[in-house]
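Both ligands and their constituent atoms are indexed starting at 1 by order of listing.
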Amino acid sequence: MNIVVLYGTESGNSELIAQDLSDKINADGRSAEVSDLQDFEPESITAENFYIIVCSTHGDGELPNTAQDFFEKFSNFEGDLAGVRYAMFGLGDSFYEETYSQGSEHIDRRFAELGAERVGEYGRHDASSWDLPSDVALEWLPAVVSAADA
Ligand SMILES: Cc1cc2nc3c(=O)[nH]c(=O)nc-3n(C[C@H](O)[C@H](O)[C@H](O)COP(=O)(O)O)c2cc1C
């Protein structure tokens, strides 16, 4: 099972997390690659891969700039993603009470609408916490990889 770690970011946190997750997966003897959502096409999604999406929240509960073109294409994409499995890790800041961590949820909803299955816990990093983003993500990762294997 190849793992594709996709990220959407505006200030770089999600990219760093995606790279750290991929490095850890590869160090553990599995195969992972990282892709920026702005270089990724919905048509390339396949059930042969497992997807981890790392994406922040900007604007008013919206996607970061680098994920917006992808999301427009994904919204218009009408492929059947039955059999595709994925995990989500959302970034946000609970300072923004009403819109906390909602950016990634736009992508999550569209995966679900197209028939894909989310596995594992929905990971989150809160910029108002003292936790380092990659520490939280690396702690979240093992259960997700186990769930992907199941
Ligand atoms: C202008 C701006 C708007 C933001 N809006 C939200 C928001 O509506 N909800 C939220 O949970 N976080 C919001 N955030 C917090 C970011 O999601 C958080 O800082 C995240 O770690 C950024 O990750 P990135 O570097 O991958 O873009 C906002 C941050 C900025 C700078």
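In this structure His106 satisfies the side-chain contact (heavy atoms from CB on, under 4.5 Å) test together with Leu63, Phe71, Arg109, sequence neighbours excluded.
Considering backbone and side-chain atoms alike, Gly12 places an N or O below 3.5 Å from some N or O of ligand 1. Between Gly59 and ligand 1, at least one pair of N/O atoms sits closer than 3.5 Å. Taking distance alone, with nitrogen or oxygen atoms compared against 3.5 Å, Gln102 stays at or beyond that limit from ligand 1. Residue Asp60 places no N or O, backbone or side chain, under 3.5 Å from any N or O of ligand 1.
The protein non-hydrogen atom at the shortest distance from atom 25 (O) of ligand 1 is Ser11 OG, 2.6 Å. In terms of protein heavy-atom proximity, atom 30 (C) of ligand 1 is nearest to His58 ND1, 3.6 Å. Among protein heavy atoms, the minimum distance from atom 8 (O) of ligand 1 is reached at Thr99 OG1, 2.7 Å. Atom 21 (O) of ligand 1 has its closest protein heavy atom at Asn13 ND2, 2.9 Å. The protein heavy atom nearest to atom 3 (C) of ligand 1 is Tyr96 OH, 3.5 Å. With respect to atom 23 (O) of ligand 1, the closest heavy atom belonging to the protein is Ser56 CB, 3.2 Å. Residue, atom and distance of the protein heavy atom nearest to atom 19 (O) of ligand 1 are Ala127 CB, 4.0 Å.
Residues Arg124 and Asp131 are not paired through a salt bridge, judged by the lack of any N-O separation under 4.0 Å between the basic side chain and the carboxylate.
Interface of Ser14 with ligand 1, defined as ligand atoms under 4.0 Å from a residue heavy atom, comprises 26 (O). The Thr9 neighbourhood of ligand 1 comprises atoms 24 (P), 25 (O), 26 (O), 27 (O), with distances under 4.0 Å to a heavy atom of that residue. Taking every non-hydrogen atom of Ser101 and a distance limit under 4.0 Å, the qualifying atoms of ligand 1 come out as 10 (C), 11 (O). Ligand 1 places these atoms under 4.0 Å from at least one heavy atom of Tyr100: 11 (O).
Taking a 4.0 Å cut-off on heavy atoms, Gly61 registers as neighbouring ligand 1.
For the residue pair Tyr7 and Ser14, the shortest heavy atom distance occurs at CB-O, 3.8 Å. Residues Phe111 and Ile53 share a closest heavy-atom pair of CE1-CD1, 3.6 Å.
Although no hydrogens or angles enter the test, the distance criterion places no donor-acceptor pair under 3.5 Å between the side chain of Asp28 and the main chain of Arg30.
Checking Asp23 against Gln19 by side-chain atom types alone, a donor-acceptor pair falls below 3.5 Å. For the residue pair Asn2 and Glu48, no side-chain donor N or O sits within less than 3.5 Å of a side-chain acceptor on the partner.
Centroid-to-centroid, the aromatic rings of Tyr100 and Phe95 stay 6.0 Å apart or farther.
Within the 4.5 Å cutoff, the side chain of Cys55 has heavy atoms near those of the Pro64 side chain.
Of the candidates Ile17, Leu16, Asp93, Thr57, Thr57 brings a heavy atom nearest to atom 28 (C) of ligand 1.
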Scan the side chains in residues 80-92 for donor-acceptor partners under 3.5 Å anywhere in the protein, sequence neighbours excluded, and list what turns up.
residue : atom : partner : partner atom : Å
Asp80   : OD1  : Ala82   : N            : 2.9
Arg85   : NH2  : Ala148  : O            : 2.2
Tyr86   : OH   : Asp108  : O            : 3.3
Tyr86   : OH   : Asp108  : OD1          : 2.7

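With a 4.0 Å cut-off on non-hydrogen atoms, Pro64 does not touch ligand 1 at all.
With rounding to the nearest 0.5 Å, the separation of CG in Leu6 from CG in Asn49 is 9.5 Å.
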